[in-house]
Q: 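Right, I'll just put the structure down here and ask away after.
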Amino acid sequence: MKRFVDLGELEREEVLSLLELARHLERQPEPHALAGRVLGLLFFNPSLRTLASCQVAMARLGGTSFVITPGQGSWQLEWRDGVVMDGAAAEHVREGLPVLAGYCDALGVRLFAAGQDLAADLAERDFTRLAALIDKPLINLESAMNHPCQALADWKTLDDLGVPRGGRFVLGWAYHPRALPLAVPAAALHMAALRGMEVVVLRPEGFALPPALLQRARQAAARSGGAVRETADRHEALAGAHVLYVKEWGATAAYGDAAADAALRAPLREWCVREEWFAAAPQCRVMHCLPVRRNVAIDAAVLDGPRSVVQREAHNRLPAQMAVLHRLLRH
Ligand code: CP
């Protein structure tokens with residue numbers, strides 16, 4: 001494996017092999033596997049789980065890591081091409097990234113969607129530009145439309161819980177005060193489709209995912225024996241569901257227009273997951289990648305109750321990260 005930027009770049013068998021390695025390293029860590037190896041971490045956006053799990057994974061495997069958060073103790077970095085750099089950024093990624101890549105054996109980068117131009121974000125324009133500057137194994141730590149490390153950990157969580165391959169996976173929209181990026185819903189959608197699940201995207205009118213994401217997931221589902229559909233009917237979607245994967249995201253039709261998005265979401269505050277939603281799905285588990293706003297996206301009683309597996313999901317970020325690093329860096 002040369003890089004880990006998109007679960008969709010891997011064959012299903014390669015993902016299964018990574019998951020097997022994650023389970024192995026969880027049971028039986030290899031404390032010297034990556035001795036002398038260095039992981040560089042470049043975070044343009046905040047993180048708790050991704051940052052900590054990457055650093056701990058390297059430490060547990062005998063390697064080390066460094067973290068750069070541009071503008072916080074290091075130079076602010078410009079990543080747009082063609083700009084006159086007379087603002088806050090003192091350095092361009094065209095200089096800075098090859099320098100960082102030269103210091104390490106692999107580089108992980110988090111760069112969220114710019115959130116202005118849907119086509120550019122769907123094409124991963126900014127992340128692709130960064131990737132072209134790096135000649136080392138690259139890990140996507142969340143880009144405009146992807147979060148493969150989260151997706152791998154989520155697949156492991158489904159396996160750990162014994163959720164059947166063909167089980168119903170409901171990717172459910174939840175309220176948030178503002179539009180959030182599409183990276184996690186896109187990654188979760190693709191992961192569940194590739195796993196071969198019956199995927200139902202449950203969202204209010206106006207919050208359908210971009211057709212390109214659904215099309216890509218349907219292609220993955222077709223290869224894996226799964227299916228993908230959308231609905232706004234909560235009762236129908238959740239009846240008999242195995243998993244409700246909760247996520248907040250912005251309206252595609254109002255992409256880059258905060259006021260238009262706010263008008264669309266204003267009447268949707270009741271899209272906060274509550275226990276009574278599960279009357280027809282008593283065994284349904286609730287997943288969320290975190291961070292989550294209590295009593296906004298998910299009721300506190302659900303988060304604290306037995307159907308919530310958010311802590312297990314977060315725990316699985318570590319063995320998943322270890323597996324990715326082991327596969328990229330172990331000779
Ligand atoms: N789920 C996730 O990526 O968490 P962080 O944003 O805290 O890294």
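Every number for a ligand or one of its atoms is a count from 1 in the order of the listing.
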Q: Count the heavy atoms of every other residue, nucleotide or ligand shown that sit under 6.0 Å from CZ of F66, and state whether that count exceeds 12.
A: yes

Q: Ignoring hydrogens and geometry, is there a side-chain-to-backbone donor-acceptor pair from K247 to P185 under 3.5 Å?
A: no

Q: May I ask you to list the atoms of ligand 1 that are less than 4.0 angstrom from any heavy atom of H147?
A: 2 (C), 3 (O)

Q: Heavy-atom contacts with R317 under 4.0 Å: which atoms of ligand 1 show up? List them by number with element.
A: 1 (N), 2 (C), 3 (O)

Q: Report the C-alpha separation of F4 and L325 in whole Å, then their side-chain angles, then the decisive distance to 0.1 Å, and conclude whether the side-chain contact (heavy atoms from CB on, under 4.5 Å) test is met.
A: CA-CA 9 Å; F4 188 72; L325 290 164; over 6 Å; no

Q: Relative to each other, are the rings of W249 and W173 parallel, tilted or perpendicular (30° and 60° limits)?
A: perpendicular

Q: For atom 4 (O) of ligand 1, what's the nearest protein heavy atom and its distance?
A: R49 NE, 2.9 Å

Q: Given L171, which of L209, L202, V184 fulfils the side-chain contact (heavy atoms from CB on, under 4.5 Å) condition?
A: L209

Q: For ligand 1, which part of V184 has a heavy atom less than 4.0 Å away: the side chain, the backbone, both, or neither?
A: neither

Q: Below a 4.0 angstrom heavy-atom separation, can you tell me which part of R110, side chain or backbone, both or neither, approaches ligand 1?
A: side chain

Q: What about P291: any of its N or O atoms under 3.5 Å from an N or O on ligand 1?
A: no

Q: Look at R125 together with D81 and state whether they make a salt bridge at an N to O cut-off of under 4.0 Å.
A: no

Q: As an exercise, identify every atom of ligand 1 less than 4.0 angstrom from a heavy atom of L48.
A: 5 (P), 7 (O), 8 (O)

Q: Please list, in number order, the atoms of ligand 1 under 4.0 Å from a heavy atom of T50.
A: 2 (C), 3 (O), 5 (P), 8 (O)

Q: Please confirm whether R129 makes a cation-pi placement over W79, using NZ or CZ under 6.0 Å from the six-membered ring centre and within 45° of the ring normal.
A: no

Q: Is any N or O atom of C289, backbone or side chain, closer than 3.5 Å to an N or O atom of ligand 1?
A: yes

